[in-house]
Trainee: 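Quick one: the structure is below, and I'll ask about it shortly.
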Number of protein chains: 4
Amino acid sequence: MRAHTGRRRNDAARRAILEAAAKLLACADPVTIDAIAAEAGVGRQTIYRWWPSKGAVLLEAMSELARQAAPRPDTGSLEGDLTAFLTATFRAAGTEPNTAVLRTAMAEALRDEHAAELLREFTAGRREELSAVLAPWVPAAELDLAVDQAFGVLWYRLLLGHAPVDRSTARSLAALLVRQLQSA
Amino acid sequence: MRAHTGRRRNDAARRAILEAAAKLLACADPVTIDAIAAEAGVGRQTIYRWWPSKGAVLLEAMSELARQAAPRPDTGSLEGDLTAFLTATFRAAGTEPNTAVLRTAMAEALRDEHAAELLREFTAGRREELSAVLAPWVPAAELDLAVDQAFGVLWYRLLLGHAPVDRSTARSLAALLVRQLQSA
Amino acid sequence: MRAHTGRRRNDAARRAILEAAAKLLACADPVTIDAIAAEAGVGRQTIYRWWPSKGAVLLEAMSELARQAAPRPDTGSLEGDLTAFLTATFRAAGTEPNTAVLRTAMAEALRDEHAAELLREFTAGRREELSAVLAPWVPAAELDLAVDQAFGVLWYRLLLGHAPVDRSTARSLAALLVRQLQSA
Amino acid sequence: MRAHTGRRRNDAARRAILEAAAKLLACADPVTIDAIAAEAGVGRQTIYRWWPSKGAVLLEAMSELARQAAPRPDTGSLEGDLTAFLTATFRAAGTEPNTAVLRTAMAEALRDEHAAELLREFTAGRREELSAVLAPWVPAAELDLAVDQAFGVLWYRLLLGHAPVDRSTARSLAALLVRQLQSA
DNA sequence: GCCTAATCGAGACGGTACGTCACGTCTTCAC
DNA sequence: GTGAAGACGTGACGTACCGTCTCGATTAGGC
């Protein structure tokens with residue numbers, strides 16, 4: 001038995017696919033596999049060879065996009081750190097095309113188990129970031145719920161659009177959470 | 001001029017459609033117009049005559065389902081009222097088939113503007129309920145954000161599934177929010 | 001038992017329907033019941049009350065249109081009479097909108113037994129006309145086939161459109177048929 | 001540049017579609033695309049990929065069916081050849097399921113320009129056959145009209161059904177045409 | 001002058017077929 | 001074996017007409 005024969009995976013194709021997906025993700029309208037393949041100059045099968053579904057491609061593309069976002073602030077106070085984190089996060093999420101990307105990603109995750117898994121991983125990563133920020137000051141028992149309150153507001157507003165996702169929201173939310181967490 | 005001519009809308013068909021939609025909504029797998037029509041014993045066109053899209057039917061069905069849910073508690077304390085409201089709400093939303101219904105409704109709203117509008121209306125109604133509960137005790141400036149924190153946690157967990165939506169979550173959340181709001 | 005009570009049939013509606021059908025028949029594109037009803041300013045049911053199918057309306061409209069066409073020539077010779085008859089018939093049938101009417105009528109007759117029956121009646125009438133023209137000169141045994149040869153050429157060209165249906169065709173055909181019939 | 005990439009057209013599917021169409025064509029009742037697809041064990045889209053309309057499929061199927069029909073008789077006499085040709089043709093056309101096939105084909109051609117074009121091609125081929133039979137004996141100027149007389153009788157009777165399309169008709173018609181053509 | 005009943009325009013109803021779109025799989029040939 | 005190209009079976013979509021079934025309004029004898 002040979003360990004491996006034949007042509008090796010073309011990383012250029014992989015990157016082209018993710019970039020095409022990212023580009024289309026930002027357009028707000030539903031993304032098709034054909035569109036990704038055409039935009040990437042790639043055969044449809046090349047996508048299915050490496051990802052289990054359309055949603056998986058989109059989610060991976062989104063995760064790459066959002067990789068750089070997170071600062072790990074250290075201002076010396078809970079309120080300072082939390083404000084810095086939430087401000088950065090809300091500003092990023094509330095700005096197009098990111099808003100459209102996140103909404104489309106959630107839409108995909110609700111229809112595709114592969115995408116759902118990747119979105120769970122992505123959001124778990126974000127929660128860990130925020131947990132790390134809060135951990136020094138907050139009792140462990142309250143951590144998870146506090147984190148979900150912050151990201152809950154973010155996603156709830158993002159998906160429904162009834163209220164802004166912006167810097168000022170982030171600041172108010174940080175202040176409220178601080179009061180809640182420190183009054184223990 | 002006559003006020004109206006022609007056969008009137010068949011209310012039995014309308015109800016059959018919404019009930020069929022509600023039934024299928026609870027099944028967790030994607031709902032098709034054909035399935036609704038068949039389940040309701042109705043022609044497809046009768047659906048398209050009265051609703052602009054599949055999403056609109058589903059959202060209307062969901063809204064009818066959830067109409068009765070809300071208690072308007074009056075225990076005499078912020079913590080009592082809030083706990084009662086959130087406990088009831090989380091328990092309802094966290095129980096199948098309601099969880100599936102809400103997830104499907106959101107999935108539809110993310111792809112269909114008509115459904116989105118109806119989901120906005122539905123969630124606005126729920127926020128008003130909670131606002132009414134909080135209003136006596138909470139400064140107006142903090143109301144909206146507090147409400148979004150509560151429903152944010154609910155939807156965030158519902159959609160991602162990383163943590164439970166249950167009575168105990170509701171109680172913890174109520175306690176946290178009370179601390180936050182009363183420490184002002 | 002009373003012989004009859006209630007409102008009588010509205011002849012204006014009947015005429016409006018046939019005229020609307022005639023008008024739409026002339027347009028070459030497929031005619032719908034809705035279009036007839038709208039054009040006639042009539043409810044759909046008023047059509048179905050009096051005709052068994054769409055085709056029946058169209059065929060009756062066509063028959064009324066074509067009622068006046070037939071001359072009963074008497075030039076004193078077989079060739080003269082035949083030429084006169086065929087010339088008139090081919091010129092009428094070969095001119096728009098009559099061509100479209102006949103084609104549409106046949107299309108309808110091929111899908112609708114009521115229309116087929118009416119088209120059979122209509123064409124039977126036309127064949128009788130031609131038979132009457134030929135009868136004085138042609139042995140009875142050959143009459144039917146000769147008549148079918150004439151109308152056969154007419155319809156064959158009308159339906160396929162590979163060759164004209166015009167006065168000169170009529171004259172050539174008349175001459176050929178005369179030779180055939182007189183050489184007995 | 002490559003001459004061609006991608007999977008090739010599946011000829012088995014093509015044949016299955018045409019055979020299914022032929023089979024359904026013979027059933028006298030209206031043919032649907034779904035029925036063809038199901039009978040052929042093929043997706044609907046595979047039909048639309050290769051034929052512009054339902055009529056085009058049906059006409060192509062009919063043309064294949066009728067390909068073998070034509071004898072090219074050579075009995076040494078006009079009457080002999082013509083009788084042989086018309087007898088064979090009328091017998092074939094006048095026998096079920098061929099009659100139903102031809103009627104359905106015409107019905108389709110009257111509603112669908114693609115089918116009309118294919119029916120024109122088919123009938124043109126048949127006319128050429130008959131022209132070739134007649135050419136040695138008939139002046140060119142009279143050829144087309146004589147041919148249209150023969151096929152005219154065939155189609156006229158086929159479509160209206162007022163008189164038989166059979167061997168004896170063919171013989172009488174041949175005799176009449178011979179008299180007409182030879183008495184010049 | 002009512003009563004009865006059939007007709008009218010309007011339009012909603014359950015159906016059937018249409019032609020399109022996107023999916024995820026498969027097949028072909030080039031590399 | 002991987003790549004682009006593209007045909008394949010599948011199944012939902014939204015539209016167009018069909019022929020039937022209500023509606024309330026209108027009309028016209030028979031009593």
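Sequence lines set the chain letters: A, B, ... in the order given, protein chains first and strands last, and positions in each chain run from 1.
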Trainee: Only counting residues at least two apart or in another chain, list the ones meeting salt bridge (charged side-chain N to carboxylate O under 4.0 Å, His left out) with C:R7.
Mentor: none
Trainee: Decide whether a cation-pi geometry holds between B:R9 and B:W51; the criteria are a distance under 6.0 Å from NZ or CZ to the six-membered ring centre and an angle within 45° of the ring axis.
Mentor: yes
Trainee: Tell me whether the OP1 or OP2 atom of F:dC8 has a side-chain N or O from D:W50 closer than 4.0 Å.
Mentor: yes
Trainee: In B/S/- notation, 5' to 3', how is nucleotides 20-25 of chain E contacted by protein heavy atoms closer than 4.0 Å?
Mentor: BBSSBB
Trainee: With side chains defined as the heavy atoms from C-beta onward, is the minimum distance between B:T46 and B:R49 less than 4.5 Å?
Mentor: yes
Trainee: Atom CZ of D:R111 to atom C1' of F:dC17: distance rounded to whole Å?
Mentor: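 Taking CZ of D:R111 and C1' of F:dC17, I get 11 Å after rounding.
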Trainee: Determine to 10° how strongly the helix from E:dG1-F:dC31 to E:dC31-F:dG1 is bent, judged from the axes of its five-pair ends.
Mentor: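 It works out to 20° between the end axes.
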Trainee: Closest to the D:R9 side chain: F:dA4, E:dG9, F:dC8?
Mentor: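 Selected nucleotide (nearest to the side chain): F:dC8.
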Trainee: Measure from CD on D:E39 to P on F:dG9 and round the result to the nearest Å.
Mentor: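 My rounded result for the distance is 14 Å.
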Trainee: What verdict does the salt bridge (Lys or Arg N to Asp or Glu O under 4.0 Å) test give for D:E19 and D:R14, after you've listed the backbone C-alpha separation in whole Å, the side-chain angles of each residue and the deciding distance to 0.1 Å?
Mentor: CA-CA 9 Å; D:E19 279 164 25; D:R14 182 186 161 276; over 6 Å; no
Trainee: A:E113: what forms a salt bridge (charged side-chain N to carboxylate O under 4.0 Å, His left out) with it, not counting sequence neighbours?
Mentor: A:R120
Trainee: Could you give all pairs that pass the side chain to side chain donor-acceptor pair (under 3.5 Å) test and reach residues 27-43 of chain B, with sequence neighbours left out?
Mentor: B:K23-B:E39, B:D34-B:R44
Trainee: Please report, rounded to the nearest Å, how far the C1' atom of F:dA7 is from the CD1 atom of D:I47.
Mentor: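 Value for this atom pair: 14 Å.
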Trainee: Got a sec, which residues hit side chain to side chain donor-acceptor pair (under 3.5 Å) with A:R111, two or more places apart in sequence or on another chain?
Mentor: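 Once residues adjacent in sequence are excluded, the partners of A:R111 under the side chain to side chain donor-acceptor pair (under 3.5 Å) criterion are B:E108.
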Trainee: Heavy atoms only: give me the nearest A:E60-A:L18 pair and the separation to one decimal.
Mentor: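 Where A:E60 meets A:L18 most closely, the heavy atoms are OE2-CD1, 3.8 Å.
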Trainee: Is the phosphate of E:dC29 approached by D:R8 (side-chain N or O, under 4.0 Å from OP1 or OP2)?
Mentor: yes
Trainee: Compare side-chain N and O positions of B:T46 against OP1 and OP2 of E:dG14 and report whether any pair is under 4.0 Å apart.
Mentor: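 Checking B:T46 against E:dG14: at least one side-chain N or O falls below 4.0 Å of OP1 or OP2.
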